[in-house]
Amino acid sequence: MRAGGPGEPVFAGSVPLRREFFDRPGPEVAPDLLGRVLVHGPVSVRITEVEAYGVPGEDPASHTYRGRTPRNAVMFGPPGHLYVYFTYGMHFCANIVCLPEGVGSGVLLRAGEVVSGAEVARARRTAGASRTVAARDLARGPARLAVALDFTREHDGLDVCPPAPADAPSTAGLPGPAGVLDGDPPGAGAIRSGPRTGVSSARETPWRFWIDGDPTVSPYRPHVPRRR
DNA sequence: CTCTCGATCAGCT
DNA sequence: GCTGATCGAGAGA
């Protein structure tokens, strides 16, 4: 199946995930996202590491914990859209929204393997810097992944699901610039889980999921509160 | 309004 | 292993 428009890479046998896939709690969707292929224009990434964020009021680590705000509004929208946020004064990170409109849950895309458009991704990752980036590091980490796929403020709310089958003009390709292909998910035995990274609360909640042994899984340690 | 610190990363020791 | 960069969301006064 074609991944993009004419001239775009083709992933044989791959079909876009439909919106119903994301109409479940983040912690349920998260492990199922591993091995899927996220496409945005010329760059595609095979997802190798994710983190789930729960519903408002129940997950203190979630941006939606205290309810809807202008920043997190997309998280309360329909499933299958990107929630892109700015953090640390310099980085963007991207989530895929889960659960129906009105409920704020999602999955943070933490790392992946660039499977097409590596040259474009590398150019983005090295722009304005005299530095080389190894292939495995192109999308190894949530902010790096956002750069590789060119997810910024303007992509907050971007739909990554195809239209309903009845509305689809054909079964070929993605309808828009972005989408998630079913790819080749790992077996349950290859999936590991543990506490979320960079999260100071709910450390006991094992909502980080990754593909065991994959070199593109991010190397970062759990966050320690900084002092001033 | 002021203040804190974050779902991070790169560069350096 | 440690730290600076850089800014805006959200909490509290």
Side-chain angles (χ1 to χ4, degrees), chain A residues 22 25-27 29-31 33-34 38 45 47-76 81-99 104-112 114 121-157 192-210 215-228:
Chain A
F22 300 101
V29 172
L33 269 177
L34 297 174
L38 177 60
V45 166
I47 299 167
T48 59
E49 181 188 355
V50 295
E51 270 177 14
Y53 287 86
V55 297
E58 293 185 14
D59 180 9
S62 174
H63 287 179
T64 63
Y65 181 56
R66 296 164 202 280
R68 183 175 183 144
T69 67
R71 176 172 72 149
N72 66 24
V74 169
M75 283 279 275
F76 288 84
H81 292 250
L82 288 185
Y83 163 53
V84 183
Y85 69 92
F86 183 63
T87 192
Y88 286 99
M90 64 193 84
H91 298 305
F92 291 98
C93 296
N95 297 246
I96 300 182
V97 175
C98 297
L99 289 176
S105 179
V107 176
L108 172 69
L109 304 168
R110 284 200 56 88
V114 174
R122 179 170 282 106
R124 290 170 176 163
R125 292 273 286 110
T126 57
S130 55
R131 151 179 30 113
T132 61
V133 177
R136 78 168 58 164
D137 292 330
L138 286 174
R140 191 188 194 196
R144 292 164 164 186
L145 180 148
V147 170
L149 284 167
D150 186 34
F151 288 148
T152 62
R153 209 181 296 285
E154 66 190 274
H155 302 289
D156 187 36
R192 295 289 177 274
S193 65
R196 291 172 293 186
T197 301
V199 167
S200 53
S201 56
R203 296 191 109 91
E204 71 287 352
T205 309
W207 282 353
R208 174 180 178 236
F209 302 89
W210 67 94
T216 66
V217 170
S218 75
Y220 295 106
R221 303 280 182 263
H223 182 256
V224 286
R226 74 176 184 185
R227 62 183 194 282
R228 59 167 286 110

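In what follows, every chain begins at residue 1, and chains take the letters A, B, ... in the order their sequences are listed.
Taking side-chain N and O atoms only, A:R110 has a distance below 4.0 Å to OP1 or OP2 of B:dT8. Phosphate contact (OP1/OP2 of C:dG10, side-chain N/O of A:T69, threshold under 4.0 Å): present. Residue A:R131 places at least one side-chain N or O closer than 4.0 Å to OP1 or OP2 of B:dG11. Dashed line: the shortest gap from a side-chain N or O of A:R144 to OP1 or OP2 of B:dA10 is under 4.0 Å.
You'll find the side chain of A:L38 reaches within 4.5 Å of the side chain of A:F151, heavy atoms only.
Candidate nucleotides C:dA9, B:dC9, B:dA7 were compared by shortest atom distance to the side chain of A:A143, and B:dC9 ranks first. If you check C:dA9, B:dC9, C:dC7 against the side chain of A:F86, the one that comes closest is C:dC7. Here the side chain of A:M90 is nearest to one of B:dA10, C:dA5, B:dT8, namely C:dA5. For A:H91, the listed nucleotide lying nearest its side chain is B:dT8; candidates were B:dT8, B:dA7, B:dA10. Here the nucleotide nearest the side chain of A:R71, chosen from B:dG6, C:dG10, B:dA7, is C:dG10.
Using a 4.0 Å heavy-atom distance criterion, A:R125 is classed as a sugar-phosphate-only contact. Here A:A61 lies in heavy-atom contact (under 4.0 Å) with a base.
A:D59 places a side-chain N or O within donor-acceptor distance of the main-chain N or O of A:A61, the cut-off being under 3.5 Å.
Taking atom CD on A:E49 and atom C1' on B:dA7, their separation rounds to 11 Å, with Å as the unit. In this structure, A:Y88 atom OH and B:dT8 atom P are separated by 5 Å, rounded to whole Å. Put simply, CZ on A:R68 is 13 Å from P on C:dG10, counting in whole angstrom units. Summarising the geometry, the separation between CG on A:L145 and P on B:dA10 is reported as 13 Å, rounded to the nearest angstrom. Atom CZ of A:F92 and atom C1' of B:dG6 are 15 Å apart (whole Å). Distance, A:R153 CZ to C:dA9 P: 7 Å, rounded to whole Å.
For the atom pair NE2 of A:H63 and OG1 of A:T87, the computed distance is 6.5 Å after rounding to the nearest 0.5 Å. The SG atom of A:C93 sits 3.5 Å away from the OH atom of A:Y85 when rounded to the nearest 0.5 Å. How far CG of A:L108 is from OH of A:Y53: 5.5 Å, rounded to the nearest 0.5 Å.
Contacts of A:H155 classified as side chain to side chain donor-acceptor pair (under 3.5 Å), with partners at least two apart in sequence or in another chain: none.
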Run the side-chain donor-acceptor check on residues 131-139 of chain A: report pairs under 3.5 Å with partners two or more places apart or on a different chain.
{"from": "A:R131", "atom 1": "NH1", "to": "A:R125", "atom 2": "O", "distance (Å)": "2.8"}
{"from": "A:D137", "atom 1": "OD1", "to": "A:R140", "atom 2": "NH1", "distance (Å)": "3.2"}

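Taking the charged nitrogens against the carboxylate oxygens, A:E51 and A:R110 do have a contact shorter than 4.0 Å, which makes a salt bridge.
With hydrogens and angles ignored, a donor-acceptor pair under 3.5 angstrom links the side chain of A:H63 to the base of B:dA7. With hydrogens and angles ignored, no donor-acceptor pair closer than 3.5 Å exists between the side chain of A:N72 and the base of C:dA9.
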Subject >> Watson-Crick or G-U pairs under 3.5 Å in DNA chain C, rendered as dot-bracket with [ ] for crossing pairs and | for another strand >> reply: |||||.||||||.
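A distance of about 15 Å separates the C1' atoms of B:dC5 and C:dT3, rounded to the whole Å.
A distance cut-off of 5.5 Å between ring centres, combined with a plane angle under 30°, leaves A:Y85 outside any stacking arrangement with the base of B:dA7.
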